[in-house]
Amino acid sequence: MLAEQALRLSEERFVLAMQAANDGLWDWNLETNTVYFSPSWKSMLGYADHELANEFSSWERLTEEEGQARAKEFINNCIAGQYDSFSVEFRMRHKEGHWVDILSRVKLVRGENGVARRMVGTHVDITERKAAELKLSDAHKQALAATEAKSNFLASMSHEIRTPLNVINGMAELLLSTALSDEQADYVQRFSRAATHLLELINDILDLSKIEADRLQLEATPFDPADVMTTVKQLMLAGADAKGLDLVVETL
């Protein structure tokens with residue numbers, strides 16, 4: 001008698017808790033095949049408590065076929081003993097006609113003999129979260145597309161710029177092979193080095209696009225700092241001369 005009273009009191013408390021919760025709660029008695037859906041469970045889909053029958057068929061009727069099949073597979077595997085709890089997402093039809101994304105967390109209760117007796121769970125409306133995830137995914141795809149377009153543009157432009165620079169370098173080599181005064185040879189070497197420097201800049205720009213695409217490969221190249229400073233001086237010398245400035249580089 002006391003055990004029955006304790007059980008009844010426990011069930012009454014459970015029902016009150018289910019009715020008071022914000023999340024949709026459900027309780028499926030596998031032995032009697034009876035189902036209870038809390039008022040919050042029903043209001044999540046736009047129904048008043050009396051408008052939706054506490055029957056398993058109510059869930060089947062409102063749940064999208066693909067998600068329903070996925071959830072039933074989890075249920076069958078759970079009852080078969082593969083696990084005692086799981087989470088699954090699916091969509092349910094709202095009373096007003098639109099779809100509601102649902103996250104259902106499920107727990108199976110077994111008897112002393114290990115037989116499945118009861119399955120209880122919660123329903124959480126994740127429609128806004130799914131919409132945010134979709135928006136974020138679209139933004140990510142757009143960012144990737146923009147990066148790819150930029151990389152393609154840089155590759156195309158580098159080809160267009162490299163071609164005339166290579167011609168300049170080639171013509172400079174031919175010009176240096178002719179009879180030139182020392183001053184003329186110096187000028188030719190300067191613009192040849194400038195063209196080479198521009199080619200290096202273009203390669204650096206392409207390296208930036210490779211970094212964004214995770215395709216950059218680093219390499220170690222020895223260099224002489226004195227030569228670098230001399231090259232910088234020659235590149236800037238014309239501008240300094242035009243302003244009447246003396247540009248001096250000292251190396252140790």
Side-chain angles (χ1 to χ4, degrees), residues 1-140:
M1 186 69 175
L2 292 177
E4 292 180 358
Q5 291 178 347
L7 179 60
R8 184 167 58 253
L9 180 61
S10 177
E11 290 182 345
E12 290 175 354
R13 288 174 176 172
F14 177 71
V15 170
L16 288 173
M18 294 184 75
Q19 292 175 343
N22 291 325
D23 293 343
L25 304 176
W26 54 270
D27 179 12
W28 182 15
N29 189 320
L30 298 175
E31 295 178 327
T32 62
N33 199 31
T34 55
V35 181
Y36 171 79
F37 300 126
S38 71
S40 296
W41 190 99
K42 298 175 183 179
S43 65
M44 195 174 295
L45 302 173
Y47 292 93
D49 189 20
H50 67 277
E51 292 181 312
L52 201 60
N54 290 329
E55 299 174 354
F56 189 76
S57 59
S58 296
W59 175 82
E60 290 180 308
R61 177 171 56 84
L62 296 174
T63 303
E64 189 180 35
E65 290 185 5
E66 181 181 351
Q68 184 179 148
R70 184 167 56 253
K72 286 183 176 179
E73 181 178 1
F74 274 106
I75 291 172
N76 292 333
N77 292 338
C78 189
I79 293 175
Q82 293 189 23
Y83 34 75
D84 287 333
S85 62
F86 63 89
S87 298
V88 61
E89 295 181 10
F90 46 80
R91 298 202 304 171
M92 298 188 71
R93 179 74 71 177
H94 193 275
K95 182 181 179 181
E96 295 179 355
H98 60 271
W99 291 105
V100 178
D101 290 290
I102 298 293
L103 169 63
S104 182
R105 297 186 178 93
V106 184
K107 175 67 177 178
L108 181 70
V109 179
R110 299 186 184 274
E112 295 180 357
N113 56 1
V115 176
R117 296 182 54 192
R118 195 172 186 176
M119 189 171 282
V120 295
T122 62
H123 273 194
V124 180
D125 185 346
I126 58 171
T127 305
E128 291 185 2
R129 192 197 79 184
K130 297 291 287 187
E133 289 176 353
L134 181 60
K135 186 176 181 180
L136 183 61
S137 176
D138 290 341
H140 180 64

For this session: Check the pair Glu73 / Val88 against side chain to side chain contact (heavy atoms under 4.5 Å, CB included), numbers first and verdict last.
Result: CA-CA 10 Å; Glu73 181 178 1; Val88 61; over 6 Å; no
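- Listed here is the closest heavy atom pair of Trp59 and Met92: CD1-CE, 3.7 Å.
- With a 6.0 Å radius and a threshold of 12 heavy atoms from other residues, nucleotides or ligands, Glu66 has its CD atom at or below the threshold.
- The neighbour count for Arg93 CZ, taken as heavy atoms of other residues, nucleotides or ligands under 6.0 Å away, is above 12.
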Problem set entry | Test log, rule side chain to side chain contact (heavy atoms under 4.5 Å, CB included), inputs Leu52 and Arg61 | CA-CA 11 Å; Leu52 201 60; Arg61 177 171 56 84; 3.4 Å; yes
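- Listed for the Gln68 side chain is a donor-acceptor partner under 3.5 Å among the backbone atoms of Thr63.
- Applying the side chain to side chain donor-acceptor pair (under 3.5 Å) test to every pair with at least one member in residues 96-113, sequence neighbours left out, gives these pairs: Asp84-Arg110.
- Considering all non-hydrogen atoms of both residues, Ser58 and Ala53 come closest at OG-O, 2.8 Å.
- Remark: Leu25 CG to Tyr36 OH distance equals 8.5 Å, nearest 0.5 Å.
- Formation of a donor-acceptor pair under 3.5 Å by the Asn54 side chain with backbone atoms of Phe37 is found in this model.
- No more than 12 heavy atoms of other residues, nucleotides or ligands lie within 6.0 Å of CD in Glu128, so this atom counts as exposed by the packing criterion.
- Atoms CG and CZ, on Leu30 and Arg117 in that order, are 10.0 Å from each other to the nearest 0.5 Å.
- Between atom CZ of residue Phe74 and atom CD of residue Gln82 there is a gap of 10.0 Å, rounded to the nearest 0.5 Å.
- A donor-acceptor pair is defined here as one N or O able to donate and one able to accept, closer than 3.5 Å; such a pair exists between the side chain of Lys42 and the backbone of Asp49.
- Atoms NZ and CZ, on Lys72 and Phe90 in that order, are 11.5 Å from each other to the nearest 0.5 Å.
- When the shell of 6.0 Å around CD of Glu51 is examined, it contains more than 12 heavy atoms from other residues, nucleotides or ligands.
- To the nearest 0.5 Å, atoms NE2 (His94) and CG (Asp125) are separated by 8.5 Å.
- The minimum heavy-atom distance between Leu62 and Leu45, with the atom names listed, is CD1-CD1, 3.9 Å.
- If you take CD on Glu89 and CZ on Arg129, they are separated by 5.0 Å, rounding to the nearest 0.5 Å.
- The heavy-atom pair separating Thr122 from Trp26 by the smallest distance is N-NE1, 3.8 Å.
- For Ser43 (side chain) and Ser40 (main-chain N/O), a donor-acceptor pair under 3.5 Å exists by modelled atom type.
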